[in-house]
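Each remark here refers to the structure printed beneath this line.
Basis for what follows: all heavy atoms, side chains included, without hydrogens, waters or symmetry-related copies. Note that the coordinates shown come from a computational prediction; the quantities given were computed from them, not determined experimentally. Just so we're on the same page: letters track the sequence lines, and every chain starts at 1.
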Amino acid sequence: MPDGRPFYITTPIYYVNDKPHIGHAYTTLACDVMARFMRLDGRRVHFLTGTDEHGQKVEKSAAAAGVAPLEFCDRVSEQFRELARVLNISNDDFIRTTEQRHIAACQALWQRLIDRGEIYLGSYAGWYSVRDEAFYTEADLIDGNAPTGAPVEWVEEPSYFFRLSAWGDRLLEFYDRNPGFIGPDSRRNEVVSFVKSGLRDLSVSRTSFTWGVPVPNDPAHVMYVWLDALTNYITAVGYPDVDSESYKTFWPANLHVVGKDIVRFHAVYWPAFLMAAELPPPQGVFAHGWWTNEGQKISKSLGNAIDPYDLIESYGLDQTRYFLLREVPFGQDGDFSQKAMVNRINADLANNLGNLMQRVLSQVQKNCAATAPTIGVLTAEDEALLAQARSLLPALRAAMEKCELHQALAQLWAVSDAANLYIDQQAPWTLKKTDLVRMATVLGVLVEVIRILGILVQPVMPDAGAKILDQLAISVDARDFAAIASGPIAAGTPLPAPQGVFPRIETKPIETAKA
RNA sequence: GGGCCCGUAGUUCAGUUGGUUAGAACGCGCCGCUCAUAACGGUGUUGUCGUCGGUUCGAGUCCGGCCGGGCCUACCA
């Protein structure tokens, strides 16, 4: 069980030039759900998140804040750690690109690429705008000026290049052989057409600033931030020690979850870098979408960012986790609204699952002497409901495999629906007057279904899942997926008095939009 | 400009390789139940499946035009 098949999943490392917001929370949450699922399913999981700390922007931001770059990074990186704590994220490691282990990994990878002739020294030339601190291509220019209107000058500077142009065909072949490498399909199409349109060599060093990983044997250059950043995924499992236990176990990663804005870096550059270094590319890259807030695009100018801390405070942690993953098909854009949030919480959590538990357990409490009911002869209806609940695990595995987190939740709730229907049809409150043995069987079947739901809901709602299982007096070592098969709680096991797990929201939605 | 995707009930969306009366959830109306967090169950409700035309015995499901919307089109990350 603990030494099951490895599963290595990563969030992107978050750029410290930005404060944590809903987008970061969402990505990390999705990874956490998959990581927890796999762990409960007996897989050996390595779940990585962290911060990306180099680059010109960070150097500038630090200067603006009047602190040294590393000190600046320390502060912001800590905010991301804090977010992970508050979200109850189960990451196994938190990497920072300023760590020594990472710098060593980057330099080792670089050297390997140099040795193979995949990186060469050339010069980067283009129209540079001092005001924008950016290069523009000929096509970008408008009337000889930058698109921003700033004046530009022709600049050439020495730069190392990665021979990306040589990898187009091999990338296409790789995508072809691994149809599941990029998800969802729409992103895959984009990436394929991007690669088909032809790749140019990639400038992978900079001389215009110093806050980065020094290029080996050429201290005037620091590495291009994406080469640096992407390498974190192998740093964290021990690279360059490819003989290490962790590297051998976890590389290649099973899944890099990313926002849709950084698909190209993960699905094109990263596998190219790795293949060029003769290292195996990751097995999957999945891009999720963006949130809008009450129908509006989130932007700094509108000041309508969604603060994850506000959501948690207003609605509860597990409620927030549930909403973000249930409301929108994973991979698509979605809209956050107070109304939708309250609706999900009340309809799915309070009315459906929460109330199911409450009505079952309160009857058990009153009519079964507060002990687990004795299950007698099963009818076809009993068998059908139990079979439906027991078929969840394989169905959820399939959904997880495809990153269909919303589908997994929909399936869970379909069983909760079925249980609500079953209890109405069986009417144990009527059986109480006519057939106590049958009543116990009905309640016993329901308790078993709730047990299974409680176990399976843990990846998304760890606390709520624990509360559900606490109320069924399930010991902590009987809460993984393997325990599903071990069957109902022994009849006669004392059960505590039921307590509501998911309260309804009766009041008006609370204001969470941050100005 | 080139490429990809989408437009289905009030809302959010499902709709395998074209095939009987187009589905789900939420919302809403009515009925039932009373164990339960005024929750649950039953039942009903509305759709020219964006639009025009084509292929076909038959198209939401394939082809083309048009309208509307979104995304990608590399070196800030």
Side-chain angles (χ1 to χ4, degrees), chain A residues 12-18 52-60 124 126 132-137 139 159 161-162 164 184-206 208-209 224-229 260-265 268-269 287 289-290 326-329 332-335 337 339-340 343-344 346-367 406-407 410 413-414 416-417 419-432 439 442-443 446 498-506:
Chain A
I13 46 176
Y14 301 120
Y15 202 50
V16 292
N17 205 40
D18 206 358
D52 180 12
E53 309 188 1
H54 288 131
Q56 190 167 26
K57 282 193 179 180
V58 175
E59 191 177 80
K60 273 190 63 181
Y124 185 76
D132 299 342
E133 293 183 331
F135 275 95
Y136 294 101
T137 65
S159 171
F161 284 83
F162 171 70
L164 184 63
D185 290 342
S186 54
R187 298 297 157 203
R188 180 191 155 77
N189 292 344
E190 285 176 6
V191 168
V192 168
S193 74
F194 174 78
V195 174
K196 276 188 177 160
S197 74
L199 297 174
R200 302 201 290 268
D201 286 353
L202 186 68
S203 167
V204 289
S205 75
R206 299 287 186 272
S208 52
F209 61 94
Y224 171 48
V225 187
W226 271 107
L227 176 55
D228 165 355
K260 64 182 183 181
D261 56 328
I262 55 175
V263 172
R264 198 178 61 235
F265 302 99
V268 181
Y269 300 171
W290 296 142
R326 173 64 245 252
E327 180 69 5
V328 176
Q332 291 181 206
D333 289 347
D335 183 51
S337 73
K339 191 179 162 205
N343 194 45
R344 282 288 172 202
N346 283 348
D348 296 356
L349 299 183
N351 296 352
N352 197 319
L353 180 58
N355 185 55
L356 171 70
M357 270 188 68
Q358 191 70 23
R359 62 200 304 211
V360 170
L361 295 183
S362 70
Q363 288 179 79
V364 167
Q365 194 70 200
K366 283 185 279 191
N367 305 327
H406 64 294
Q407 270 299 333
W413 260 260
S416 186
D417 277 338
N420 273 313
L421 175 56
Y422 170 88
I423 194 172
D424 255 52
Q425 290 173 340
Q426 301 299 321
W429 48 91
T430 303
L431 293 169
K432 178 182 145 192
M439 178 201 75
V442 167
L443 292 176
L446 285 161
Q499 292 176 343
V501 175
F502 301 112
R504 274 182 69 85
I505 296 178
E506 301 290 1

Under 4.0 Å, counting only non-hydrogen atoms across every strand here, what does [X] touch: a base, just sugar-phosphate, or nothing?
X: A:Asp52; answer: sugar-phosphate
X: A:Arg344; answer: nothing
X: A:Phe194; answer: base
X: A:Gly354; answer: base
X: A:Trp226; answer: base
X: A:Val501; answer: base
X: A:Leu356; answer: nothing
X: A:Ile262; answer: nothing
X: A:Gln332; answer: sugar-phosphate
X: A:Ser193; answer: sugar-phosphate
X: A:Gly198; answer: base
X: A:Arg188; answer: nothing
X: A:Tyr224; answer: sugar-phosphate

Closest-nucleotide mapping onto RNA chain B: is A:Leu202 or A:Asn343 further toward the 5' terminus? I mean the 5' end.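 On the 5' side of the pair lies A:Asn343.
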Start at the 5' end of RNA chain B and walk down; is the nucleotide closest to A:Asn352 or to A:Leu349 reached first?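 Comparing both residues, the 5'-ward one is A:Leu349.
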Selection from [options] that lies nearest to any side-chain heavy atom of [X]:
X: A:Tyr124; options: B:C35, B:C75, B:G41; answer: B:C75
X: A:Tyr15; options: B:A36, B:A77, B:C71; answer: B:A77
X: A:Arg206; options: B:A77, B:C71, B:U37; answer: B:A77
X: A:Asn420; options: B:G41, B:G3, B:A74; answer: B:G41
X: A:Asn189; options: B:C71, B:A74, B:C5; answer: B:C5
X: A:Lys366; options: B:C35, B:A77, B:C26; answer: B:C35
X: A:Phe265; options: B:U37, B:A77, B:G32; answer: B:A77

Euclidean distance for [atom1], [N] against [M] (whole angstrom):
N: B:A9; M: B:U45; atom1: C1'; value: 10 Å
N: B:U55; M: B:G70; atom1: C1'; value: 30 Å
N: B:C4; M: B:C62; atom1: P; value: 15 Å
N: B:C67; M: B:A14; atom1: P; value: 26 Å

So, do [X] and [Y] sit near enough that their side-chain heavy atoms are less than 4.5 Å apart?
X: A:Arg504; Y: A:Asn351; result: yes
X: A:Gln365; Y: A:Pro498; result: yes
X: A:Phe194; Y: A:Leu199; result: yes

Any-strand Watson-Crick or G-U partner of [N], both distances under 3.5 Å:
N: B:G41; result: B:C31
N: B:U56; result: none
N: B:A14; result: none
N: B:C71; result: B:G3

Has the side chain of A:Glu190 got a donor or acceptor atom sitting under 3.5 Å from an opposite partner on the base of B:C72?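 No.
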Less than 3.5 Å between a donor and an acceptor, one on the side chain of A:Asn351 and one on the base of B:A39, is that the case here?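 It does not, because no donor-acceptor pair links the side chain of A:Asn351 to the base of B:A39 below 3.5 Å.
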I want to check one thing: is the phosphate of [N], taken as OP1 and OP2, less than 4.0 Å away from some side-chain N or O of [X]?
X: A:Arg504; N: B:A39; result: yes
X: A:Lys196; N: B:G2; result: no
X: A:Arg264; N: B:U73; result: yes
X: A:Gln358; N: B:U34; result: no

Minimal non-hydrogen separation, [X] against [Y], with atom names:
X: A:Gln56; Y: A:Tyr15; value: N-OH, 4.4 Å
X: A:Ala419; Y: A:Leu356; value: CB-CD2, 3.7 Å
X: A:Asp228; Y: A:His54; value: OD2-ND1, 2.5 Å
X: A:Asp335; Y: A:Glu327; value: O-CG, 4.3 Å

To the nearest 0.5 Å, how far apart are CG in A:Leu349 and CG in A:Asn355?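 One gets 12.5 Å once the value is rounded to the nearest 0.5 Å.
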